[in-house]
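One structure below.
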Amino acid sequence: MAAVDDAQQPDSRLSKTNRERLVSAGRHAALLVWSFVVLFPLYWIVSMSLKPPTAAISLPPDWIFLPTVYNYIQLLQQSSFVYAFFNSVFMVSASVILVLLIGVPAAYVLSRYDIPKQRDVLVWILSSRMLPPVAVIIPFFVIFRALNLYDTRIGMIFMYITINISLVVWVMKAFFDGIPETLEEAARVDGATRFQAFRKVILPAAKPGIFSVAIISFIFAWIELLFSLVLTNNNAVTVTMQVYQFIGVRQIEWGMLAAATTATIIPVVIFVIAVNRYLAAGLSFGVVIKE
Amino acid sequence: TRGGDSSSGDGSGDGTSGDSGGDSGSDSGGESSDGGSDELAIPLSEYQSADIDWRQFEGSEINIGAVQHAWVDAIKPAVPVFEELTGIDVVWNVLPEQEFRTKRLTDVSTGAGEWDVFFLDQVVNQFRESGWLQALDPYFEDDSMYDEEWYDLDDLFEATRWQAHGGGYSDTWTGIPITVEVQTQFYRTDLYDEYDLEVAETLEEFQSNAQTIHENESDVVGTVGRGQQGYGMNIYILNTFIRQYGAELWDSYPDNSGLDSEGAISAAEWYVNLLQDYGPEGASSQVWSDVLSTMQSGNAGHIVSDANLFWPGLTDPESSDVADRIAVAKAPAPADGQFSPNAFAWQIATSQNADNSEEAFLFMLWASSEPTNTWMHVENGAGFSVRQSTWENEEYRSRVGDNFADVTLESLQAAAPDPFDSQYPEWGQTYSEELQTAIGGDQTAEEAMTRAASAAEDIVGE
Amino acid sequence: MSTPTQTTSQGPSGLARLRELWNAYLPYWFITPMVLVMLLITIFPGAYDLYLSLVKYQLTDPTTIGQFNGLANYERVFTSGGAINSFVITITFVAGALALETGIGFVLAALVTGVKSDRMKTFYRIAFIIPMAVAPVSLATIGRIMLNTEIGIIPFLIQQFTPFVAPNFLSDVPLLTVILVDTWNWTPFMFIIFYAGMSSVPKTLLEASKVDGAPLWRRYVHVIIPYMKPVLFVAILIRLIDLFRTFGLVFSLTSGGPGTATELVSINIFQTGFTFVDLGGAAAIAIVYLVGIVALCNILIIKVGFEGVWD
Amino acid sequence: MAKIDLDTVTKRFGSGGDAVVAVDDVSLEIEDGEFVVFVGPSGSGKSTLLRIVAGLERQTEGDVVIGDTIVNELGPRARDIAMVFQNYALYPNMTVEENMAFGLKMSTDLSDDEIETRVRETAEKMGIGRLLDNTPGEMSGGQQQRVALGRAIVRNPDVFLMDEPLSNLDAKLRTEMRTEINRLQNELDVTTLYVTHDQTEAMTMGDRLVVLNYGELQQVGTPLECFYRPKNRFVAGFLGSPSMNFFEGQTEGGTLRLDGFDFDLTREMQSAAGSRNELVLGIRPEDAKIHDTPRSSHELEAEVDVVEPMGSISYVYLRATEQEGDRTFIVETDGQRAITEGQSVYVEIPDDDVHLFDDEDGETIHQRKLGEDAEVELEGQT
Amino acid sequence: MAKIDLDTVTKRFGSGGDAVVAVDDVSLEIEDGEFVVFVGPSGSGKSTLLRIVAGLERQTEGDVVIGDTIVNELGPRARDIAMVFQNYALYPNMTVEENMAFGLKMSTDLSDDEIETRVRETAEKMGIGRLLDNTPGEMSGGQQQRVALGRAIVRNPDVFLMDEPLSNLDAKLRTEMRTEINRLQNELDVTTLYVTHDQTEAMTMGDRLVVLNYGELQQVGTPLECFYRPKNRFVAGFLGSPSMNFFEGQTEGGTLRLDGFDFDLTREMQSAAGSRNELVLGIRPEDAKIHDTPRSSHELEAEVDVVEPMGSISYVYLRATEQEGDRTFIVETDGQRAITEGQSVYVEIPDDDVHLFDDEDGETIHQRKLGEDAEVELEGQT
Ligand SMILES: Nc1ncnc2c1ncn2[C@@H]1O[C@H](COP(=O)(O)OP(=O)(O)OP(=O)(O)O)[C@@H](O)[C@H]1O
Ligand SMILES: Nc1ncnc2c1ncn2[C@@H]1O[C@H](COP(=O)(O)OP(=O)(O)OP(=O)(O)O)[C@@H](O)[C@H]1O
Ligand SMILES: [Mg+2]
Ligand SMILES: [Mg+2]
């Protein structure tokens with residue numbers, strides 16, 4: 001949909017091309033300002049990772065410098081970082097798939113069926129993310145040890161599911177609510193089981209929502225710190241912990257910290273690029289369904 | 001399992017870049033499997049001369065919880081020696097300080113006992129009083145585990161031994177000290193030359209040096225110092241001056257904190273004024289890393305008093321713009337006070353619930369023994385020895401420079417650690433918050449100290 | 001081959017029967033895993049915290065641990081200045097950050113939606129998501145140095161290129177700084193969800209409203225926002241909750257200071273529990289806080305014009 | 001095999017005082033293979049009834065029986081039906097081809113090739129063969145509707161439910177589609193429930209016509225029966241376009257006094273009327289005749305209000321000269337006949353073509369006469 | 001003030017080889033206050049044209065002028081139009097009342113009270129007064145359509161654009177609504193563009209009829225003109241229901257040889273045909289007459305294929321006895337006339353009622369005769 005593209009004043013003297021250009025220029029100006037706000041710190045982090053340590057924090061900054069990949073080479077030579085990195089990629093990806101498998105159908109049920117005490121159920125789901133992790137970390141540690149999940153990948157995957165499940169259920173419920181029920185009715189009359197109607201008709205229509213929550217869940221799990229800190233030891237270690245190893249007791253290795261931070265952004269960027277086209281698979285139901 | 005060996009294990013020679021080299025933060029004993037084939041860092045004979053049954057726990061494994069401290073980087077390459085010597089595998093769990101504290105508390109307080117050996121700091125008495133710590137005395141008394149002659153306890157600085165006894169609150173060993181840092185002053189030689197300054201011994205001299213630089217240099221502030229709250233932050237610095245002003249914290253525990261004594265208030269006033277007048281903008285939120293970075297980037301004339309461990313970072317051309325223009329000196333003291341900088345020692349301890357406490361003790365012993373310690377300092381860039389002998393070691397002195405070694409040694413000999421009672425984290429926190437507010441200019445130093453005192457007494461008295 | 005299990009299946013074939021069961025009880029299959037996960041993650045920690053909040057659990061006082069303490073822990077929450085203060089600060093923080101993130105996120109989503117060029121659109125979409133991928137503690141650590149008045153790039157840029165004087169971010173305007181950094185970090189969350197929500201507004205509705213003569217902003221107010229309301233509401237609610245429990249970012253930036261200027265409830269809980277090792281007290285704060293948030297959520301859901309959205 | 005029984009089916013939306021009764025106590029038996037057309041004013045419950053049969057809506061009361069089973073509890077899938085939705089309900093994220101293939105994929109075991117063949121064939125018949133790769137959003141209203149129709153008929157169900165499937169098509173296409181649907185229905189012998197607002201469709205397509213009003217059954221019968229033998233005033237007025245003209249009046253002896261003219265009741269009519277006093281006379285526009293000069297007794301004088309030329313015919317709106325109210329009635333005349341507005345004419349109301357209704361309950365008390373053949377045919381049907 | 005000029009407007013969807021030309025080089029001037037009806041087969045570009053006028057779609061080429069300004073550049077809001085969308089496009093989260101009030105709120109300064117009054121009045125007229133608090137999802141198709149219509153007419157725009165606004169209404173309601181729209185249009189003198197598939201609407205509502213096919217203008221004229229004087233075979237066949245019957249044939253001297261019978265061309269026809277060889281004869285079903293016995297020379301023998309009784313009239317599908325192909329043609333007869341399938345009849349094709357078309361380009365070469373009055377009327381209109 002294009003929501004913002006026509007005349008503001010009825011008696012505008014501007015020709016469309018000019019006005020269009022103006023509107024579009026204004027839009028891009030605003031977006032570029034925010035792009036700068038967003039990208040400058042990122043640029044700074046990346047440039048820190050490419051500078052020798054002294055240059056990283058000197059003022060006025062060296063705008064022009066000879067990039068060095070020294071930090072990245074160091075990073076790659078650290079087997080523990082590489083291990084944790086791929087470990088995280090695996091655990092986080094697995095958890096995103098699982099949390100979608102668990103959460104999306106549940107959201108669908110909450111959207112389409114009469115659930116007794118629905119509001120309470122929803123708030124209950126939400127309550128799982130209400131307490132700061134520091135308030136629940138000890139009980140989780142106790143359970144994890146009791147169930148032998150401590151420092152296991154399964155345990156971390158489960159943990160990631162728990163931090164994302166409420167998000168997935170809530171957001172997806174909202175998206176399902178926006179999908180006309182007629183579509184489903186048509187599918188069921190066409191002989192689809194409820195499940196088939198869900199899978200073939202509703203899910204494709206909910207794509208923007210699904211991929212959005214996938215991105216967000218991925219990121220939430222990817223940057224999670226406290227649970228991975230307390231619940232892992234050395235098998236299921238995560239990349240966040242590895243980033244922080246450069247924050248030492250009497251020395252912060254800025255270059256390495258920046259390089260590691262940059263490295264952790266990369267999978268997210270790749271993931272976002274991969275699902276980019278689904279984010280706005282804007283379906284115009286209105287064209288098809290008379291409302 | 002994965003190959004856990006990091007190729008650049010021994011760093012590149014000095015303290016700072018050592019960090020980047022060998023942290024296999026959570027590497028599961030990778031070294032042990034490869035260790036045999038490589039040349040060992042320290043000959044085993046150094047240890048086998050001791051009357052200790054090193055191999056009595058052969059085949060077991062210990063888990064070490066450590067903060068991301070230079071000690072870890074310095075000792076890691078030597079760990080294969082320990083593994084070879086004892087047949088015990090070592091698993092590391094290295095974390096940043098804040099995260100380390102969280103995890104340590106979770107592990108120890110729930111009785112999980114994941115860590116057989118862990119770093120211990122100001123919270124030693126908190127841990128001790130809650131009954132989680134295991135006193136090491138029985139091990140010291142066990143002949144198969146300890147050889148007094150070989151180990152040479154007296155070589156450890158008094159201050160560190162004191163701290164390893166619960167900071168004076170315990171009669172038994174709470175842990176074994178592994179590192180010690182003492183506060184020293186850092187200054188810029190180029191600026192001193194330019195303005196013809198003398199190294200300050202008194203606070204007054206220091207203040208005037210700072211003033212000179214502050215007022216004459218546009219981009220350089222007179223001094224930097226920690227302002228941020230936290231029990232290891234601003235008060236860690238201030239306590240030095242309080243003691244030097246002749247005040248004593250908790251001269252009568254738990255009734256009088258001493259925080260509102262005249263000396264304490266004078267010290268606070270001095271420190272607050274110093275930072276406000278000649279410190280950086282926003283000093284009240286600076287942590288040690290800001291202090292270090294500001295100095296490294298050449299934007300400060302002094303560090304009034306902070307850990308001597310900054311030295312490698314300040315003098316490494318890789319990370320410091322002013323590496324060749326920095327010098328170290330003893331922290332300033334009031335003209336009429338006594339020189340008594342703050343010293344802080346990390347100890348490693350074991351908990352009641354740890355599965356492998358005996359193995360842990362062997363590790364502690366090994367790690368703090370003279371051969372290991374010397375090797376770390378001479379060969380592997382360390383600079384925090386708890387053993388006096390190291391500071392007198394010529395090889396070591398020539399590496400770190402006589403000046404640094406002397407300053408440190410003298411400071412350490414005169415140093416006194418803070419008294420960390422079990423409620424230190426709590427009252428220290430409040431105290432540091434008050435101090436930070438004062439540095440920020442929202443209350444006077446006197447108000448801050450008075451309020452800190454009453455809060456501390458409330459907390460402790462409860 | 002007859003095995004005992006086969007006697008139970010009367011249907012046409014095992015598989016078909018399974019299929020039948022699957023479809024007949026579909027909602028149950030769909031919702032059960034979620035419920036199980038939820039039970040696992042809420043019951044035990046909740047009960048555990050509740051228990052802790054009712055007993056003495058000051059770790060430095062091992063002799064009294066586990067003694068029933070009545071409501072003394074709660075009493076302390078309401079009488080000690082620290083907890084109350086941190087509630088107030090938290091609310092300020094949440095309100096400020098939420099307003100900024102919602103506003104900016106919405107405007108960005110609207111602006112990006114209107115971008116014609118696909119390539120620019122993709123660029124903005126990706127660029128605006130990335131800040132979220134920077135882990136809060138990294139961000140805070142690097143952010144500290146960037147904001148440093150003496151050696152930070154941001155004050156430097158402000159001094160050099162704007163007529164403004166850069167404030168001492170972390171010491172003079174700590175709460176604002178924390179809010180701004182959080183906004184930088186988390187606006188992407190709002191952006192993504194809003195953007196997806198906007199994409200599902202039917203084109204015909206927009207056309208109808210254009211023909212009806214609605215100016216741009218009224219189209220948003222009367223057509224787009226009402227249509228997206230469920231999605232908007234969810235995003236805001238979730239962000240609200242997440243903001244309430246923000247910890248790492250703020251703790252690494254300010255440790256709650258200067259003084260207690262940025263001491264959020266989560267920091268208060270952390271310090272009470274992990275620094276002062278008073279697990280009972282920490283649990284009591286957590287419970288009070290939980291009750292507050294649950295109430296707030298219910299009020300929002302029922303009262304603030306969102307009635308009907310969730311029926 | 002696909003006989004459909006509705007047994008006292010009622011559907012209420014909402015509850016309590018606000019409840020809307022969309023379907024009110026409808027009982028109806030539909031034979032296997034029968035083609036039943038539902039008509040009724042907007043909001044009379046036609047769609048709701050179809051949705052109940054489809055299993056998309058659960059009736060509040062009563063039973064739905066398909067074949068020999070009570071299907072109240074069964075979902076749409078189990079009922080083996082194909083439905084054309086009034087609002088199309090195309091899958092927005094599928095192409096036309098996928099839309100049409102979906103039902104086959106779901107409900108049959110056909111191979112992909114077979115499905116494609118069938119979809120293509122049907123699409124050709126619907127005239128949307130070249131649009132197979134379009135998505136619904138890229139098509140005109142009529143094209144979308146044809147996809148919706150095609151999606152239903154490509155399947156081979158027991159029951160067709162069609163809810164105004166041709167409303168957005170032009171006359172020509174509509175005729176074609178009508179024929180196609182009829183052909184298909186005959187061929188496959190599929191029980192069909194068909195909702196329409198189109199008089200032609202209503203009269204020509206179905207075996208039986210079901211007339212609904214406010215959710216209540218008004219009449220069930222063959223189209224001609226409903227047209228010539230309406231059970232009540234509502235049905236009489238609803239079928240036929242323009243509607244039958246109604247004149248309310250009182251009997252006075254053998255005369256019905258209407259506003260503007262008197263009408264002499266025949267003996268037959270009088271006996272049918274019995275003791276009723278208030279009667280309504282009904283005459284279809286095509287049955288009344290316009291003369292320039294008076295010819296017989298059964299005439300009234302009227303003034304031409306509006307003339308609506310339709311091509312071959314014209315509709316003339318007339319106002320009785322002597323009437324008191326302001327109502328007009330309509331008479332159909334030849335399209336080429338010159339009639340101008342304001343002109344005075346005489347309208348003949350043939351005895352044979354008159355219906356009489358009870359004014360109170362609307363029941364028909366006298367039906368018109370038909371030609372002998374027609375009469376026979378009508379009898380034959382019932 | 002609200003004259004609308006379309007100047008060589010073309011709209012293509014897609015680009016390159018795949019482009020669909022939805023509107024093809026249409027030029028049209030619509031007077032202020034005029035009521036123009038657009039007809040054409042499904043997919044012929046009617047909706048697209050309306051959307052271009054509304055400013056919802058940007059034409060690929062050409063200009064749109066409203067009043068005196070070229071509005072190519074202006075958005076819908078600046079054009080002051082009200083539109084009924086083919087797919088209703090009701091706001092799903094507003095009640096009926098809010099839906100109807102929305103346009104007024106947006107485009108006028110009326111007070112809330114005034115708005116409410118106007119909305120209520122309009123809703124009553126639309127027969128949806130008691131549904132004001134419903135949301136669109138709770139209404140029947142026809143009710144929704146009336147809301148869509150009401151939403152447009154409650155406003156007081158310069159231009160009405162109505163895209164099949166009555167397609168889902170029953171005949172009676174449709175008549176009412178038709179009258180209402182006409183009344184309103186007359187009263188307010190709003191320039192109106194109206195798309196319909198309904199013959200009655202097309203013939204009765206507009207001042208002018210615009211016939212489109214494949215996006216191209218076929219004919220623009222009064223409804224009667226288009227009906228009686230179609231410019232080409234397409235228009236002739238498109239208007240009227242059932243369609244005109246067409247017979248292709250070759251001239252042989254003064255005779256047109258058709259499949260199944262010969263037709264003697266009148267002198268006039270011959271001269272119109274000129275040297276053309278291949279001609280198409282067109283005759284409307286209502287113009288041909290069925291006799292049981294032969295009467296005149298212009299007759300052919302045919303066999304009854306199907307009889308479609310419509311009430312007052314019946315459509316008889318006939319097959320010429322002597323023809324070779326399998327085509328049927330339709331003749332309208334009195335509904336009560338007894339005709340049975342298989343019966344043999346004679347069909348008279350009156351000279352006067354015959355149209356002749358060029359077989360190749362479909363141009364009309366001979367128009368039918370009309371009664372004198374009708375002729376006059378038609379002339380008067382043009
Ligand atoms: N968005 C689009 N993309 C591609 N083709 C389109 C699009 N919209 C319409 N068309 C095509 O343009 C042609 C004209 O469509 P339009 O909707 O104007 O037809 P219409 O005359 O209104 O038909 P109907 O009577 O069926 O509503 C159709 O062939 C249609 O398939
Ligand atoms: N979901 C609903 N909630 C409340 N009322 C409803 C709902 N659906 C339909 N109705 C009401 O039920 C009645 C019958 O609706 P239905 O759709 O069956 O009418 P219909 O005969 O199909 O009319 P149309 O010819 O206009 O499509 C209408 O008065 C309508 O307002
Ligand atoms: Mg309907
Ligand atoms: Mg259309």
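Chain letters run A, B, ... following the sequence lines, proteins first, then strands; residues in each count from 1.
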#### Entry: Portion of A:Val268 that has a non-hydrogen atom of chain C nearer than 4.5 angstrom
side chain
### Message
Aromatic contact between C:Trp29 and A:Tyr108, with the criterion being ring centroids under 6.0 Å apart: yes or no?
### Response
no
#### Entry: Pick from C:Val265, C:Val223, C:Leu264, C:Leu157 with the largest number of heavy-atom pairs that fall under 4.5 Å of chain A
C:Leu157
### Query
Given C:Pro33, which of A:Ile102, A:Ile161, A:Leu98 fulfils the side-chain contact (heavy atoms from CB on, under 4.5 Å) condition?
A:Ile102
### Query
What part of A:Val269 lies closer than 4.5 angstrom to a heavy atom of chain C: side chain, backbone, both or neither?
side chain
### Query
Which atoms of A:Val169 come close to chain C, meaning under 4.5 Å heavy atom to heavy atom: side chain ones, backbone ones, both, or neither?
side chain
### Query
Taking A:Ile165, A:Thr240, A:Leu42 one by one, which has the highest count of heavy-atom pairs under 4.5 Å against chain C?
A:Leu42
### Message
Quick one, A:Arg129 with C:Ile238, criterion side chain to side chain contact (heavy atoms under 4.5 Å, CB included). Give me CA distance, side-chain angles, the key distance, then yes/no.
### Response
CA-CA 9 Å; A:Arg129 72 188 298 128; C:Ile238 290 188; 4.0 Å; yes
### Task
Using the six-membered ring wherever Trp is involved, compare the ring planes of C:Phe233 and A:Trp170 and label them parallel, tilted or perpendicular (cut-offs 30° and 60°).
tilted
### Message
Centroid separation under 6.0 Å, is that true for the rings of A:Phe198 and C:Phe30?
### Response
yes
### Task
Measure distances from A:Phe211 to the heavy atoms of chain C and classify the residue's part below 4.5 Å as side chain, backbone, both or neither.
neither
### Side chain, backbone, both or neither of A:Ile247 within contact of chain C (heavy atoms, under 4.5 Å)
side chain
